[in-house]
Protein chains: 2
Amino acid sequence: MTAQAAGVSVAVSTVIFALRPSPHDGRMTVWLPLVRRIREPFDGRWALPGGPLEADEDLAASAARTLAETTLLTPQYLEQLYAFGNTDRSPGERVVSIVYWALVRSDEADVAVETENVRWFDADSVPELAFDHNLIVEYALWRLRNKLEYSHIASAFLGDTFTLSELREVHEAVLQKPLDPANFRRQIESSGQVVPTEHLKTGGRHRPARLYRYNTAEPDPSNGPLGTRQPSAPKDAS
Amino acid sequence: MTAQAAGVSVAVSTVIFALRPSPHDGRMTVWLPLVRRIREPFDGRWALPGGPLEADEDLAASAARTLAETTLLTPQYLEQLYAFGNTDRSPGERVVSIVYWALVRSDEADVAVETENVRWFDADSVPELAFDHNLIVEYALWRLRNKLEYSHIASAFLGDTFTLSELREVHEAVLQKPLDPANFRRQIESSGQVVPTEHLKTGGRHRPARLYRYNTAEPDPSNGPLGTRQPSAPKDAS
DNA sequence: CCAAAAGTGTTGGCAGTACACCCATGA
DNA sequence: TCATGGGTGTACTGCCAACACTTTTGG
């Protein structure tokens, strides 16, 4: 007995976020890559990258794979967003989509490829997408902005070390509002999420800034018992 | 091309929470119903209620259906928890489980049926379950305790009207710690989540307590763009 | 009257905000 | 030297925990 639910197929899609300078004012904003559909339904429309789940592939691994296939990048952060499975979300077919959201480093995203069928869009002005993908993007953006305030994810947009100004720029770009540098500094420092290094960043026409690193000892309180353990790490004792 | 991912089947399971008095000290604690498996794998083990997803059934509808089948109750609250889909979570078969969690009224749960193959367990001392269901229960409990602090879900354990003491008892039972009645009152009242009624509850050997009702006007900020609206959930008649 | 829970008042600590101010560098 | 961002100090405000106190019922 296969217990295979008749007619229900499983797909995995991923909302991939990166920060890029806006073409207008040059300020950093949130962007995401979309792929153009090349068949029905919704032929020609933009959609989230993804595809059917392979039988021998974990959910997060599938998300990481399609992410790499579309952007040639590896995610700094990857987390499940939601499972969308309404009966009417795909015309003529029953598809349950397990959607992940990912963060990639902004400097890497700058050089990411764009082709005829892969393009980056400003997250706050995406076109009309295929399926229910507009709702999915909206929800992912909401989660990103929400989670930024109580988690450590901002560093996923940056490299190994960074100044507090760079970290603040990330917050400002995601939350779309300016933050007081003094208060931001104290907030981050007292949270224990970051740890100062010996090095400074020079080169600006101003006092050099201390470089910080992420505090790997400090636990991320965000996901509870599921932890932040990432793609293809299906192991968990206890 | 059917796009049917070969060998991947979809199931929906539900973690159902209710408050019941502890058999030891009589204090209210969190309980959940489990069903005994009657075939391999894990024959004889306790497991979460659930079953394969029907092709013409929305995810939340499937969760509500199995909930009704096992407890004869309708949920006051129902929300998706997570999709579990590791390749090794079910021996010999690839199953992706979309798991929901639900809250049912405590007074209804008191009279819920128990049979040979359906039994209620204290949520903090469940036995060793089938599949990865121990992890799922642990995660659902974490979400419940977490969400209680920034959402409106506590009232789902109660009837239409309730005293602030009753609401506080719910919080104390879920969070497993006593709360200051005075501060709890102000916190709840200032949140605008509840609204006082004209009626009082008499009968105790003490001053009567005002009955409150849930404020349906106030939005629940918990789920963002997805809202608390549950796809084709057979409730929410008010 | 007393016991017990309903409900109000008051205080102190702590976190977030606004903003003034000094420091170190490149040009 | 000046402009610019790095970094510190400080006062104000609002929320929350603690707890003393008053109110209203049943017995």
Side-chain angles (χ1 to χ4, degrees), chain A residues 21 25-28 145-152 154-155 158-159 161-213 218 221, chain B residues 21 26-28 145-146 148-152 154 158 161-213 218 221:
Chain A
D25 53 10
R27 290 207 344 268
M28 293 293 258
R145 292 185 167 133
N146 220 39
K147 193 148 193 171
L148 189 72
E149 297 182 343
Y150 65 89
S151 186
H152 301 182
S155 69
L158 300 170
T161 63
F162 45 84
T163 68
L164 290 187
S165 285
E166 289 167 342
L167 189 63
R168 177 170 49 85
E169 273 176 44
V170 170
H171 278 79
E172 290 177 338
V174 172
L175 300 179
Q176 296 176 306
K177 66 179 179 188
L179 299 173
D180 186 303
N183 296 330
F184 181 80
R185 161 180 302 277
R186 271 179 296 244
Q187 216 175 310
I188 295 294
E189 276 180 336
S190 68
S191 75
Q193 295 174 12
V194 299
V195 113
T197 70
E198 300 297 316
H199 306 93
L200 303 178
K201 176 166 186 173
T202 58
R205 340 184 336 182
H206 53 78
R207 175 172 170 179
R210 183 164 300 278
L211 285 167
Y212 287 75
R213 191 184 23 248
E218 198 73 6
Chain B
R27 290 207 343 270
M28 294 293 259
R145 293 186 166 133
N146 220 38
L148 190 72
E149 298 181 344
Y150 65 91
S151 187
H152 301 182
L158 300 170
T161 63
F162 44 85
T163 68
L164 291 186
S165 284
E166 289 168 342
L167 188 63
R168 178 170 49 83
E169 273 176 43
V170 171
H171 277 80
E172 289 177 340
V174 172
L175 300 179
Q176 297 177 307
K177 65 177 178 188
L179 300 174
D180 185 303
N183 296 329
F184 182 79
R185 161 180 303 275
R186 272 181 295 246
Q187 215 175 311
I188 295 295
E189 276 179 336
S190 68
S191 75
Q193 294 173 11
V194 300
V195 113
T197 70
E198 300 298 315
H199 306 93
L200 302 179
K201 176 166 187 173
T202 58
R205 343 185 331 183
H206 53 77
R207 175 172 170 179
R210 183 165 300 279
L211 284 167
Y212 287 76
R213 192 185 26 246
E218 198 74 4

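The chains referred to below are lettered A, B, ... by the order of the sequence lines, with proteins before strands, and numbering in each begins at 1. Keep in mind the model is a prediction, meaning the values are calculated, not measured.
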Across nucleotides 7-17 of chain D, 5' to 3', mark each nucleotide with B, S or - according to how protein heavy atoms within less than 4.0 Å reach it.
SBBB------B
Is there a side-chain contact between A:Arg27 and A:Glu172, using heavy atoms and a 4.5 Å cut-off?
no
I'd like to check A:Ile188 versus A:Arg168 (side-chain heavy atoms, cut-off strictly below 4.5 Å). Are they in contact?
no
Phosphate oxygens OP1/OP2 of C:dA6: is one of them under 4.0 Å from a side-chain N or O of B:Ser165?
yes
In whole angstroms, the gap separating C1' of D:dG5 from CD of A:Glu169 amounts to 11 Å
About how many Å separate CZ of B:Arg185 and CG of B:Leu179, when rounded to the nearest 0.5 Å?
13.5 Å
When rounded to whole Å, the CG to P distance for the pair B:Leu167 and C:dA6 reads 12 Å
What one should report as the nearest heavy-atom pair of B:Glu166 and B:Thr161 is OE1-O, 4.5 Å
Rounded distance in Å - CZ (B:Arg205) to P (C:dA6):
14 Å
With a 4.5 Å heavy-atom cut-off, do B:Pro208 and B:Lys201 have their side chains touching?
no
Please state how far atom NZ in B:Lys201 lies from atom C1' in C:dA5, giving the value in whole angstrom units.
13 Å
As an exercise, state the distance from CD of B:Glu198 to CZ of B:Arg210, rounded to the nearest 0.5 Å.
7.0 Å
To the nearest Å, give me how far apart CG (A:Leu179) and C1' (C:dC19) are.
16 Å
